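Notes follow once the structure below has been shown.
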Amino acid sequence: MRLNRFDTSKIKVRSSNGGRGMPGGRAGGVGCGTIVIVAIGALVFGIDPAQMLGMVDGAQQTTAPQSQQGNLSEAEICTSGPYATEACNALTSLNETWEPEFARANIGFEQPTLNLFPSGRVATQGCGTASSASGPFYCPADYTIYIDTTFYDQLARMSGTGGDFARLYVMAHEYGHHIQNLTGLATQVRSLKQQNPRNANQLQVRMELQADCYAGVWAGKNRNLIERGDLEEGMRAAAAIGDDTLQRNAGQRINPEGFTHGTSQQRMEALRRGLDSANSDACNVYFDMS
C-alpha cells in the first residue's frame with residue numbers, strides 16, 4: 001500500500017524502550033526470534049486488554065494522556081526502523097481518514113497514541129503490564145495502541161506473507177478498537193459483559209469483527225493507494241488469525257465457546273465488508289445497541 005510519509009504534527013507516538021533504537025527486523029522479513037506463545041489468545045492481536053490481562057474493568061479517561069517519548073523525539077521513533085516508519089505512516093493515514101468521519105457525525109475525536117515497544121514487557125496507563133507474547137493491543141484507558149514490532153515477523157510466519165498490507169491490517173484493526181472507544185460502544189459492551197458473563201465471548205467476537213470491518217473501511221477509503229496483491233495479503237492474514245485456525249494449528253479441538261475473535265471465514269468476511277463498502281455504517285451490522 002503506497003502510504004504517504006508520516007506527519008509528526010498529525011500523530012502521537014512514543015516508545016517504551018528507554019531511548020534505544022527500535023527493533024524492527026526487516027520490512028517483509030521473518031528473521032527475528034520467535035515470540036513465546038503462552039495461550040491462543042495471547043498471539044492474536046486486538047483482544048480487549050481487560051480480558052487479556054485479567055484486569056478489573058478499567059475506567060476510561062475523558063482525554064488521552066500526553067505523548068511521552070523518553071529520550072527520543074517522535075520523528076526519531078518513526079525513523080528508528082522500517083516497521084516503525086510504516087506504523088507512523090499508517091497512523092497518519094488513519095487519523096486523516098477517521099477524523100473527518102467523526103466531524104461529520106458530530107462526535108468528539110481524540111487521536112490515539114502509538115506506543116512502539118521492544119520485545120519484552122510494557123506498562124500501560126490503565127491496563128496493567130503486558131508482554132510481547134500478548135501481541136499488539138489497544139488500551140481504552142490511555143487511548144493507546146501498543147505494538148511490539150517483532151510480532152510482525154511472527155504474523156508473516158503464520159500467514160505465509162511478509163507483505164506490508166498484513167501489517168497495516170494489524171494497525172487499522174487496533175485503530176478500530178479506538179473508534180469503538182470514542183463512540184462509547186466499548187463501554188456499553190463491557191457493561192453487557194458484566195450483566196451477562198455467559199455472553200462475554202460472543203460479545204468479544206462481535207467487537208473484533210467490527211474492528212476488522214473498520215480496518216477494511218479505512219483501506220476502502222484509500223483504495224487508490226492499494227497495490228496489486230494487497231487484498232490477498234489482508235485476506236491471508238485474516239484467515240491465519242481466525243480462532244478456529246489457531247485452535248486447529250495448536251492441536252486443539254475446535255471449540256466455538258472459546259472463540260474471542262471469530263473464525264477465519266468471519267474475519268475475512270468482516271474485512272471484505274469494510275473494503276467493499278468503504279462506509280463505517282456497514283460495520284454496524286455487528287451491533288444493534290439500541
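Position 1 is the first residue of the sequence; numbering continues from there. Computed from a prediction, not measured in an experiment: that's the story for all the values here.
Around CG of Asn106, the count of heavy atoms belonging to other residues, nucleotides or ligands within 6.0 Å does not exceed 12.
For Arg104, the salt bridge (Lys or Arg N to Asp or Glu O under 4.0 Å) partners two or more places apart in sequence, or in a different chain, are Glu101. Judged as a side-chain hydrogen bond (donor to acceptor under 3.5 Å, both in side chains), and not counting sequence neighbours, the contacts of Thr97 are Asn222. Partners of Asp276 by salt bridge (Lys or Arg N to Asp or Glu O under 4.0 Å), not counting sequence neighbours, listed by chain and number: Arg272. Residues forming a side-chain contact (heavy atoms from CB on, under 4.5 Å) with Asp281 (at least two apart in sequence, or on another chain): Asn279, Asn284.
Considering Phe137, Tyr143, Phe102 as possible partners of His178, the one that fulfils the ring pair (Phe, Tyr, Trp, His ring centres under 6.0 Å) test is Tyr143.
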For this session: Any chance you could lay out the side-chain contact (heavy atoms from CB on, under 4.5 Å) test for Leu168 and Leu3, step after step, and finish with the verdict?
Result: CA-CA 10 Å; Leu168 298 175; Leu3 294 177; 3.8 Å; yes

Problem set entry | side chain to side chain donor-acceptor pair (under 3.5 Å) assessment of Gln204 paired with Lys193 | CA-CA 9 Å; Gln204 187 63 39; Lys193 287 181 180 180; 2.3 Å; yes

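Applying the disulfide bond (SG atoms under 2.5 Å apart) test to pairs two or more places apart or on separate chains, those with a residue in residues 204-240 are Cys213-Cys283. Among pairs with a residue in residues 182-236, those fulfilling ring pair (Phe, Tyr, Trp, His ring centres under 6.0 Å) read Trp98-Tyr214, at least two apart in sequence or across chains.
Heavy-atom minimum distance, Ile11 versus Cys78: CD1-SG, 4.0 Å. Across every non-hydrogen atom of Asp164 and Glu86, the tightest pair is CB-OE2, 3.3 Å.
For the residue pair Asp142/Tyr146, the side-chain donor-acceptor check at 3.5 Å is satisfied. A side-chain N or O of His177 and one of Glu208 form a donor-acceptor pair less than 3.5 Å apart.
Stacking of Arg206 on the aromatic ring of Phe287 is recorded, both the 6.0 Å distance cut-off and the 45° axial limit being met.
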